[in-house]
Amino acid sequence: MSLPLHAQTRPVPEAAVLQGLPPVREVSAAEVAARIAGGPRLVVLDDDPTGTQTVADVPVLTSWTVDDLRWALSQDSAVFFVLTNTRSLSPEDAAARNREVARALHTAAAAEGTGYVLASRGDSTLRGHFPLETDVLAEELTGLDGKAPDGVVLVPAYIEAGRLTVGSNHWMRTADGLLPVGMSEFARDATFGFRSSSLPEWVEEKTGGRVPADEVVRVTLDDLRGGGPAHTARLLSSLRGGRTAVVDAVCDDDLRVLALALAQAEADGTRLLYRVGPSFVRARAGQAGRAPLTPAELRPLRGNSPHGLIVVGSHVALTTRQLDRLRERGGIAEYELDVALLLDEERRDAHIAEIAAAAAGALDSADAVIRTSRVLVTGADADGSLAISRRVSAALVQAVRQVNATRRPAFVVAKGGITSSDTATHGLGIRRAWARGTLLPGIVSLWEPADGPAAGIPYIVFAGNVGGADALADALDLLRSA
């Protein structure tokens, strides 16, 4: 490329970023699964529900009582998710929630007689409470058993969604090529905005200079592909004092090399915390990528009602384009929650009840869409914007509860991270579930609730920032075909 990364303001051809890379070192999922068998369980603290979209047949908890955690630890799975939803919380509340989960997990693991390793799952576009969450988890682990983590391993790649890391620089795929993530709309997030696309510089930026970029260990594709698992394990084993390492990844094989290296480093006594995107979880758990669920596989999961409910809270431009395509396909009845009315205490409840009643009535003849108005309302600062987001999400949840109480839908699709979490936990009362697979390749996870009022209603977690313009309509077509 002719311009340095910080000067890139528009997408560049993907081939220009990927040219000259060493050949891929092939590692099978089966090799990773064999290596981690009998080892510590991978526990993913997911800051919104979308981290499950690369795995299949994995337990998911939205509650973290000791009993719930013991249930997950007792399942035959190398990994499970705990939905903390901390991306929707203030820093203080996010810290408190991480401490709660870490303490309950420690008690549950001791009761089950099993070890565990923690992954803090953040967004592949680098949004979320970093370094807060890994700092808090490191403190808790140190206090619980007296051994501080030696390092934090940062792996934000999300292969299916085109979030790639090359030369320690993080990119996102667009229709026009690869864009440095620091130039994307996600970098302008009202709560979690940032400037840097170079991961070491991003770490320095987010830590306020506490961790200088030149002290960050870079695990590159040369290390993964050229040096392989043994060489990479030696790099990771060199981490001390909570030092941060950032890792390149362009494909699943890169992440599986990393998984083998991590297993070796940890077996040799290095204690590591992970801060990761979705693709890492699948590789570290020894799972291969799976094709999307078929109509035949969906049929026994689908509810008995003729039509489903789609709840849209995400405001990113991609979601708006996906809604437009869904309208073009037809077969929906659409209802809008006006954000201005949701912020008006006197009119809020009546407005929600009106929309919920209309949507429930429409389910006999169409799939019902409840969405927020598309004009984004923000607060005076990051905390104010987050408070508005929570208020709007609570209204969507209230509407879902009222619809489900009146007319159980065949399925529920939730569009957006905060929306997905709140709909699962508060709208449908899901505590334990299984992530059964995806509706589209590597994205859009389907949960099968294991208990509660949503049992028998498949729940579809659809992030706001993934898929092409037709993705929402394609997912609905698949659900309808079942």
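The residues of the chain are indexed from 1 along the displayed sequence. The structure presented is a predicted model; accordingly, all values stated were derived computationally and were not measured.
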Inset, instruction - Show your working on side-chain contact (heavy atoms from CB on, under 4.5 Å) between Leu323 and Val312 and close with a plain yes or no. - result: CA-CA 9 Å; Leu323 269 173; Val312 182; 4.0 Å; yes

Inset, instruction - Please test Glu133 against Thr86 for side chain to side chain donor-acceptor pair (under 3.5 Å), starting from the C-alpha separation and ending with a verdict. - result: CA-CA 9 Å; Glu133 295 194 285; Thr86 49; 2.5 Å; yes

Inset, instruction - Take Thr62 and Thr425 through the side chain to side chain donor-acceptor pair (under 3.5 Å) test and state the conclusion after the steps. - result: CA-CA 6 Å; Thr62 70; Thr425 55; 5.8 Å; no

Inset, instruction - Any chance you could lay out the salt bridge (Lys or Arg N to Asp or Glu O under 4.0 Å) test for Arg99 and Glu139, step after step, and finish with the verdict? - result: CA-CA 9 Å; Arg99 293 187 194 282; Glu139 289 174 10; 2.9 Å; yes

Legend entry - side-chain contact (heavy atoms from CB on, under 4.5 Å) assessment of Val117 paired with Val43: CA-CA 6 Å; Val117 60; Val43 182; over 6 Å; no

Inset, instruction - Please assess Arg327 against Asp324 for the test salt bridge (Lys or Arg N to Asp or Glu O under 4.0 Å), listing each intermediate value before the final yes or no. - result: CA-CA 5 Å; Arg327 292 186 190 105; Asp324 289 340; 2.6 Å; yes

Inset, instruction - Starting from the C-alpha separation in whole Å, work towards a yes-or-no answer on salt bridge (Lys or Arg N to Asp or Glu O under 4.0 Å) for Asp68 and Arg432. - result: CA-CA 8 Å; Asp68 287 322; Arg432 302 173 182 179; 2.7 Å; yes

Inset, instruction - Give the intermediate values and the outcome of salt bridge (Lys or Arg N to Asp or Glu O under 4.0 Å) for residues Glu215 and Arg243. - result: CA-CA 8 Å; Glu215 291 186 6; Arg243 194 174 181 185; over 6 Å; no

Legend entry - side-chain contact (heavy atoms from CB on, under 4.5 Å) evaluation trace for Tyr116 with Leu105: CA-CA 9 Å; Tyr116 62 89; Leu105 177 62; 3.6 Å; yes

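With salt bridges taken as basic N to acidic carboxylate O contacts below 4.0 Å, one links Asp470 and Arg329. For the pair Arg10 and Asp176, the salt-bridge criterion is not met [side-chain N within less than 4.0 Å of a carboxylate O]. One finds a salt bridge joining Asp367 and Arg480 here, because a Lys/Arg side-chain nitrogen approaches an Asp/Glu carboxylate oxygen to under 4.0 Å. Using a 4.0 Å cut-off between charged side-chain N and carboxylate O, Arg41 and Glu112 make no salt bridge. Taking 4.0 Å as the cut-off between side-chain N and carboxylate O, Arg87 and Asp189 do not count as a salt-bridged pair. Contact check on Asp135 versus Arg275 returns no salt bridge, with no Lys/Arg side-chain nitrogen under 4.0 Å from an Asp/Glu carboxylate oxygen.
Under a 3.5 Å cut-off, the side chain of Ser373 and the backbone N or O of Val339 do form a donor-acceptor pair. Between the side chain of Arg408 and the backbone N or O of Pro453 there is at least one donor-acceptor pair closer than 3.5 Å. Between the Ser197 side chain and the Gly182 main chain, a donor and an acceptor come within less than 3.5 Å of each other. Side-chain atoms of Gln53 come within 3.5 Å of backbone N or O of Val444 as a donor-acceptor pair. A donor-acceptor pair under 3.5 Å links the side-chain atoms of Arg390 to the main chain of Ser88, judged by distance alone. Under a 3.5 Å cut-off, the side chain of His351 and the backbone N or O of Asp338 do form a donor-acceptor pair. Side chain of Ser74 to main chain of Trp71: a donor-acceptor pair is present (N/O by atom type, distance under 3.5 Å, no hydrogens or angles). Under the 3.5 Å distance criterion, the side-chain polar atoms of Ser420 are matched with a main-chain donor or acceptor of Ala414. Judged by distance alone, the side chain of Thr438 and the main-chain N or O of Pro441 form no donor-acceptor pair under 3.5 Å. For Thr207 (side chain) and Val211 (main-chain N/O), a donor-acceptor pair under 3.5 Å exists by modelled atom type.
Side chains of Ser124 and Arg163: a donor on one and an acceptor on the other come within 3.5 Å. Looking only at atom types and distance, the side chain of Asp47 has no donor-acceptor partner in the side chain of Asn85 under 3.5 Å away. Between the side chains of Arg284 and Tyr274, a donor-acceptor pair is found at a separation under 3.5 Å. Side-chain contact of Arg431 with Ser63: a donor-acceptor pair under 3.5 Å is present, judged by distance alone. One side chain, Thr50 or Asp48, offers a donor N or O that lies under 3.5 Å from an acceptor on the other. Inspection of the Trp171 and Thr165 side chains reveals no N or O donor paired with an N or O acceptor under 3.5 Å. Checked by atom type, the side-chain pair Ser393/Asp422 shows a donor-acceptor distance below 3.5 Å. Residues Thr84 and Arg97 bring no donor and acceptor atom of their side chains to less than 3.5 Å of each other.
Residues passing the salt bridge (charged side-chain N to carboxylate O under 4.0 Å, His left out) test with Arg321, sequence neighbours excluded: none. For Phe192, the ring pair (Phe, Tyr, Trp, His ring centres under 6.0 Å) test picks out His129, with sequence neighbours left out. For the side chain to side chain donor-acceptor pair (under 3.5 Å) test, residues two or more places apart in sequence or in another chain that qualify with Gln322 are Lys415. With sequence neighbours left out, Tyr158 forms a ring pair (Phe, Tyr, Trp, His ring centres under 6.0 Å) with no residue at all.
Counting only residues at least two apart or on different chains, no ring pair (Phe, Tyr, Trp, His ring centres under 6.0 Å) pair has a member in residues 73-108. Identified under the salt bridge (Lys or Arg N to Asp or Glu O under 4.0 Å) test for residues 392-407, with sequence neighbours left out: Asp364-Arg407.
In terms of heavy atoms, Arg195 sits closest to Glu205 at N-OE2, 2.9 Å. Considering every non-hydrogen atom in both Ala108 and Leu69, the closest pair reads CB-CB, 3.7 Å. Scanning all heavy atoms of the two residues, the minimum distance from Trp434 to Gln75 falls at CZ2-OE1, 3.4 Å. Taking each heavy atom of Leu440 and Ala475 in turn, the nearest pair found is CD2-N, 4.4 Å. Of all heavy-atom pairs between Leu363 and Gly308, the closest is CD2-O, 3.3 Å. When every heavy atom of Pro449 is checked against every heavy atom of Trp447, the shortest pair comes out as CD-O, 3.4 Å.
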